[in-house]
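To keep things clear, I will list the structure first and then write my remarks on it.
Note that the numbering runs from 1 along the sequence shown for the chain.
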Amino acid sequence: MNGKFPQHFLWGGAVAANQVEGAYQADGKGLSTSDLQPQGIFGAITPRTAGDSGIKDVAIDFYHRYPEDIALFAEMGFKCLRTSIAWTRIFPQGDEETPNEAGLAFYDRLFDEMAKYGIQPLITLSHYEMPYGLVKHYGGWGDRRTIDFFERYARTVFERYKHKVKHWLTFNEINMSLHAPFTGVGLPQESDKSAIYQAIHHQLVASAKAVKACHEIVPEGKIGNMLLGGILYPLSCKPEDLLETQRQNRDWLFFGDVQARGYYPAYMQRFFRENGIQVAITEEDRQTLRETIDFISFSYYMSGCVTADPEQYETARGNILDMVPNPHLAGSEWGWQIDPIGLRYLLNVLYDRYQKPLFIVENGLGAKDRVEADGSIHDDYRINYLNDHLVQVAEAIDDGVEVMGYTSWGPIDLVSASKAEMSKRYGFIHVDRDDAGNGSLDRRRKKSFYWYRDVIHSNGASLKDRR
Ligand code: BG6
């Protein structure tokens, strides 16, 4: 793989505030939607009472242990770390006029720690959480006023960190609101499609406002969107399967189309009409949407298949989406189908469509690890997964795709988003904590830690084409 990765390729890892920080009420933090879903993003909404606890309340205690963790990332040679700011640390209820200084100060300390090692932050403004206050009093993203609250939050953090953070993302996996509306837009799970698309529209307008604010405030700042790269293949070459696949891929590409091109794609008119979906879009909104992102970022874990005859096949839940399994691929312990070539394909699809730089901001294998008697962890399955995906990234770069960087998901074990499990581990660094919350929280290097360090140090030359 020698020479395929550009010289300034941003190697690193990605985490999210609600899955690592814990300290869910520290220093004036307000309750977020994530705090109300102790069982994960598809779990029931659970009102908080004093003393009850979910695994995320402590998570891996990154809020207090970040210096140790950043030092370990630096030891692997990270150039970049993706994390998110918890909106509720900055605006605890969401609608305050002035921010919470203690929350702002935490991220100052975190970014300063990263700067010590030359690790660049890549910061998501909202990763699967929003202030619960906005849900309770305004109905979340269903209400237009949430756009203004988000813009105030975005401008506040751009002003505060403009000399420390140059790469930003707006909403994590913005397309997932179609499947988990409470997590994505703060709406009840059973909301109808008109309500969901209206809330999504507000979020797209808010995203464009954040892009504009970033361009105004952050010198040399670059801001991208973030898509769940749920690439789908036709199950067969039957024309009906192909057409249905195109339709379903547009479910998620729609978000990229608006954010990268600056307007609603033509195909949405028919989709809205035939599905009885009404979305109020003002002329001012249309103007706002014209402010487009600088780069496209996405997560990629798996691909899936589509058929025009769904009643004849069983679907399986993958990463957020339900998909028909591909008979040519094997799955992970959680049934997510492993498809490294799909990553090369997806990179090419996105680059052909948008001609903007791409950033792979999540990719990884959730697996159960065994700690040996001597404390070592031999996670060759993880090494193989990551190696094979990175080989395909190199191929895509060779195809001519402009790739800015790669941040593997969960470089340190964290709480999983879908089911709030600790046992689904992604890390190069093991964290001693189980699903019930027992454990010392001690950190331990896995075999993959040394493997990834070598990949970064050799700028990808140590990767092995195992085909
Ligand atoms: C992505 C999310 O969908 O997938 C992450 O952006 C999440 O927050 C990751 O953790 C992996 O999913 P899970 O359910 O295995 O944690």
Side-chain angles (χ1 to χ4, degrees), residues 171-181 184 193 196-197 200-201 203-204 207 224-275 277 279 292-293 295-310 313 315-329 336-356 358-363 389 392 396 399 401:
F171 296 95
N172 183 62
E173 296 188 335
I174 186 165
N175 47 314
M176 60 76 70
S177 298
L178 294 174
H179 313 278
K193 282 263 181 286
I196 293 175
Y197 272 102
I200 283 170
H201 173 69
Q203 210 169 55
L204 287 167
S207 174
N225 64 343
M226 197 312 197
L227 300 168
L228 189 165
I231 192 78
L232 297 166
Y233 307 154
L235 188 60
S236 80
C237 52
K238 210 167 103 182
E240 286 82 357
D241 280 358
L242 191 68
L243 211 58
E244 180 57 16
T245 306
Q246 182 183 54
R247 193 194 65 70
Q248 291 196 26
N249 274 323
R250 282 174 168 174
D251 282 349
W252 65 273
L253 285 166
F254 153 69
F255 295 82
D257 289 351
V258 175
Q259 292 179 302
R261 296 173 176 160
Y263 53 88
Y264 273 55
Y267 58 78
M268 285 310 271
Q269 281 185 21
R270 180 169 182 178
F271 175 77
F272 283 164
R273 193 177 64 239
E274 291 186 346
N275 289 281
I277 297 169
V279 181
T292 54
I293 47 173
F295 64 95
I296 312 277
S297 90
F298 65 91
S299 62
Y300 177 79
Y301 295 88
M302 60 181 296
S303 60
C305 293
V306 171
T307 166
D309 311 300
Y313 298 90
T315 54
R317 163 78 42 92
N319 185 20
I320 318 275
L321 313 177
D322 289 328
M323 300 165 165
V324 178
N326 184 329
H328 304 285
L329 299 174
W336 295 18
Q337 289 203 295
I338 300 173
D339 180 15
I341 292 175
L343 179 53
R344 175 180 178 183
Y345 175 63
L346 175 59
L347 283 161
N348 276 280
V349 166
L350 292 173
Y351 199 62
D352 284 354
R353 197 172 180 106
Y354 301 122
Q355 291 92 46
K356 288 194 191 260
L358 304 179
F359 205 142
I360 303 151
V361 297
E362 283 186 35
N363 172 237
H389 282 77
Q392 294 301 323
D399 293 334
V401 177

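- Within the structure, salt bridge (charged side-chain N to carboxylate O under 4.0 Å, His left out) contacts touching residues 299-308 (residues at least two apart or in different chains) do not occur.
- Residues satisfying the side chain to side chain donor-acceptor pair (under 3.5 Å) criterion with Gln337, sequence neighbours excluded, are absent altogether.
- Nearest heavy-atom pair, Trp252 versus Leu228, reported as atom, atom and distance to 0.1 Å: CE3-O, 3.8 Å.
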Item to check | side-chain hydrogen bond (donor to acceptor under 3.5 Å, both in side chains) evaluation trace for Thr307 with Glu244 | outcome: CA-CA 7 Å; Thr307 166; Glu244 180 57 16; over 6 Å; no
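- No more than 12 heavy atoms of other residues, nucleotides or ligands sit less than 6.0 Å from atom CD of Gln269.
- Listed here is the closest heavy atom pair of Ala260 and Ile293: CA-CG1, 3.8 Å.
- Every residue two or more places apart in sequence or in another chain was checked for a side chain to side chain donor-acceptor pair (under 3.5 Å) with Ser297, and none qualifies.
- Take Arg353 and apply the side chain to side chain contact (heavy atoms under 4.5 Å, CB included) test, not counting sequence neighbours, and it matches Leu253, Asp257, Arg261, Tyr267.
- Within the model, atoms CZ of Arg344 and NE2 of His389 stand 14.0 Å from one another, a figure rounded to the nearest 0.5 Å.
- The two residues Pro234 and Leu242 have their closest heavy-atom pair at CG-CD1, 3.7 Å.
- Proximity of Glu362 to Glu173: side-chain heavy atoms (C-beta onward) are separated by under 4.5 Å at one or more points.
- Here the CZ atom belonging to Phe255 is positioned 6.0 Å from the CD1 atom belonging to Ile174, to the nearest 0.5 angstrom.
- Partners of Arg270 by side chain to side chain contact (heavy atoms under 4.5 Å, CB included), not counting sequence neighbours, listed by chain and number: Arg273, Glu274.
- Annotation: the span from Met226 atom CE to Asn172 atom CG amounts to 4.0 Å, rounded to 0.5 Å.
- The shortest distance between side-chain heavy atoms of Phe298 and Leu347 falls below 4.5 Å.
- Between Val258 and Pro265, the shortest heavy-atom contact is CG2-CD, 4.0 Å.
- Val306 has its side chain out of reach of Leu235: every pair of non-hydrogen atoms, C-beta onward, lies at least 4.5 Å apart.
- Atom CD in Gln246 sits 8.5 Å away from atom CG in Asn249 (nearest 0.5 Å).
- With sequence neighbours excluded, no residue forms a ring pair (Phe, Tyr, Trp, His ring centres under 6.0 Å) with Phe295.
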Item to check | Asn175 vs Phe254, side chain to side chain contact (heavy atoms under 4.5 Å, CB included): CA-CA, chis, key distance, verdict | outcome: CA-CA 8 Å; Asn175 47 314; Phe254 153 69; over 6 Å; no
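- Contact record, Ile196 with Ser177: CG2-O, 3.9 Å, taken as the closest heavy-atom pair.
- A search for side chain to side chain contact (heavy atoms under 4.5 Å, CB included) contacts involving Ser303 returns Ile231, Tyr233, Tyr300, Leu329, Asp339, not counting sequence neighbours.
- Every pair passing salt bridge (charged side-chain N to carboxylate O under 4.0 Å, His left out) that includes a residue from residues 225-241 is listed here, sequence neighbours excluded: Lys238-Asp309.
- In this structure, CG on Leu343 lies 14.0 Å from CE on Met302, to the nearest 0.5 angstrom.
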Checklist entry - Could you walk me through whether Asp352 and Val401 pass the side chain to side chain contact (heavy atoms under 4.5 Å, CB included) check? => result CA-CA 9 Å; Asp352 284 354; Val401 177; over 6 Å; no
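- Scanning all heavy atoms of the two residues, the minimum distance from Cys305 to Leu232 falls at N-CD2, 4.4 Å.
- Between Tyr263 and Thr292, every side-chain heavy-atom pair lies at or beyond the 4.5 Å cut-off.
- Shown here are the side chain to side chain donor-acceptor pair (under 3.5 Å) partners of Gln259, two or more places apart in sequence or in another chain: Ser207, Asn225.
- One distance of note links CD1 of Ile360 with CD of Gln392; it measures 11.0 Å at 0.5 Å rounding.
- Using a 4.5 Å cut-off on side-chain heavy atoms (C-beta onward), Asp399 and Tyr351 make no contact.
- The side chain to side chain contact (heavy atoms under 4.5 Å, CB included) test applied to Ile277 returns Lys193, Ser194, Tyr197, Phe271, Phe272, Asn275, Val279, not counting sequence neighbours.
- Every residue two or more places apart in sequence or in another chain was checked for a side chain to side chain donor-acceptor pair (under 3.5 Å) with Asp251, and none qualifies.
- Judged as a ring pair (Phe, Tyr, Trp, His ring centres under 6.0 Å), and not counting sequence neighbours, the contacts of Tyr301 are Trp336.
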